[in-house]
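First the structure, in the form of structure tokens, and then the observations on it.
Chain identifiers are assigned alphabetically (A, B, ...) following the order of the sequence lines, protein sequences preceding nucleic acid strands; residue numbering begins at 1 within each chain. Every heavy atom of this structure was used, including side-chain atoms; hydrogens, water molecules and symmetry mates were not.
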Amino acid sequence: MNTPIRSTLLVLALVAVAATSAWAAPAAANSGPVVRLFPTNVLEDIRATTQVAEAMENSLQDIIRRMDMQQQLYTESLCEGADGDQGCERIARQIGATYLQMLEVMSDRLPQMEASVASTRDSLERRLREELGLRTTPTSLQDSLVGQSPAIAAESQPALRGRSGVRLSDRFKQYQELVTTGRNGQSQSLAVVASDIYLDMADASLLIAATRQEIARTALMEQLNQSFGVITPEMAKVVGGVKQILFGEVVGDGPIAAPPNAIGESDYVSPLAM
Amino acid sequence: MNALRTLLLLVAAHVLVGCAAESIDACRGQLGGNLDAAMVDAESRLANGCGYEFDRYFGELLSIAEANPDRRNAQHFSEFLLRQTASGTISRRTAEGLYNRYFNIKFVSLQGDYNTCSQTCPVRARVLSTMQTELKDKELGLLRVSNDPASFYRADHLYKEAELVLEATCRACEAGNGR
């Protein structure tokens, strides 16, 4: 994937990942055997990360909308391939300037985001190690997974790991549902939620570091492009990719397993059963 | 007199060998009929010296049940295994292992009395591979024999959840070890 595209997508994916945590966290506060996965400090870390992510998302969304309109104008004006047209060159420079602005916002916000994500990752890591790693046997771990979610309808499945491309606001709604179902005692296992957030945060930390390294180089390249008024294919793809993530043009994968139905009370229980 | 004794010995030996061969033949034959009849047949053979063929009989019974899927089949197998435990053909542990492997949502492969960091994480890939194999057996037992797709999908879901949780937990364990 091209560098600017990758940078943008990674950061936006990070925004989504971090933001989703906000809804997973309250769900985690609903008691149960693994409630200690989400003590106050973890919830605070997640909340802080969410606020940073939301601020970044809001800043980026406006810029991306503007860039989208500029791109549309460029296309409708039949500027592609129209070398030497002054009007087209002006639009191209405007797009480039907006693109630079986007990189600037990312550059400003990323250090705070990096610190926040790292803090969340570290606190979750400690809880996972202590609660699931050291205070749980494989047998009790399996029992907790089975006991937490006897039946989850497909509609209530939160979009967890690897489900980018869904409109961010929809992701928030899905996590709100997670909170609601959690209160009703039908939540996905908190161990799964904690694992999911932790793995995403760990990935996000790596991605942020990589993204920060790329931004400076990408910005320099675009500054050079500004001198010539060029809209690169990379920029066009970035706009497309950003739209995909923020406005959800692609639906993610389905739930990891087909929705199980509740097992009737009359089902046979063998004396041999675990 | 000696000749008579030798003759008697030869006759006795012939009878013994013949009985043994007959017994082996009785053990070797395939189980037939419906599940109930096949279980009765298997139990009869197991009670008459064919215990070494238990695994094959169990497999054949599963095949017969697969051809006639029914929710009650899990119960039939449970009762069959309990009877074999009572008669001493197999141990209680073996019976539990077989039943849970084929007819329970939970995985026999994910068991242990020590903490997850020390017991499962060092062999996580192997545990997951074994669970994957067990999931296929559950597909046979829960889905094709018992006609219980809901339970099978729950087992499938549990496998994927366990995979995710183990990945996170073991990564956290490793991070702790590195410090």
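At a 4.5 Å heavy-atom cutoff, the contact between B:Y114 and chain A is made by backbone atoms alone. Only the side chain of B:L166 comes within less than 4.5 Å of a heavy atom in chain A; its backbone stays farther off. Of the two parts of A:L134, the backbone and the side chain both hold a non-hydrogen atom closer than 4.5 Å to a non-hydrogen atom of chain B.
Between A:S123 and A:N41, the side chains place no donor N or O within less than 3.5 Å of an acceptor N or O (distance only, hydrogens not considered).
Of the listed residues (B:T169, B:V108, B:L98), the one with the most heavy-atom contacts under 4.5 Å to chain A is B:T169. In terms of non-hydrogen atom pairs under 4.5 Å with chain A, the most contact-rich of B:G97, B:A74, B:S78 is B:S78.
Open room surrounds CZ on B:R72; 12 or fewer heavy atoms of other groups in view lie less than 6.0 Å from it.
Of residues 80-94 of chain B, those residues with a non-hydrogen atom less than 4.5 Å from any non-hydrogen atom of chain A are, in numerical order, B:L81, B:L82, B:R92. The contact list for residues 118-131 of chain B toward chain A, using heavy atoms and a distance under 4.5 Å, reads B:Q119, B:T120 by residue number.
To the nearest 0.5 Å, atom CD of residue B:E96 and atom CG of residue A:L272 are 6.0 Å apart.
The main-chain N or O of A:D203 is never found under 3.5 Å from a side-chain atom of A:R121 such that the two would form a donor-acceptor pair. No donor-acceptor pair closer than 3.5 Å links the side chain of A:S195 to the backbone N or O of B:A168. A distance-only check finds no donor-acceptor pair linking the side chain of B:N100 to the backbone of B:K106 [under 3.5 Å].
Remark: aromatic rings of B:F77 and B:F103 are close, center separation under 6.0 Å.
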Test side chain to side chain contact (heavy atoms under 4.5 Å, CB included) applied to B:L35 and B:L61, step by step: CA-CA 7 Å; B:L35 185 61; B:L61 290 173; 4.2 Å; yes
* For B:E66 and B:N73, what are the C-alpha separation, side-chain angles and deciding distance, and is it a side chain to side chain contact (heavy atoms under 4.5 Å, CB included)? -> CA-CA 9 Å; B:E66 186 184 356; B:N73 282 344; over 6 Å; no
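Applying the ring pair (Phe, Tyr, Trp, His ring centres under 6.0 Å) rule to B:F107 yields no partners; only residues at least two apart in sequence or on another chain are considered. Judged as a ring pair (Phe, Tyr, Trp, His ring centres under 6.0 Å), and not counting sequence neighbours, A:Y198 has no contacts.
Note on B:D41 versus B:R45: salt bridge recorded, some NZ/NE/NH1/NH2 to OD/OE distance being below 4.0 Å.
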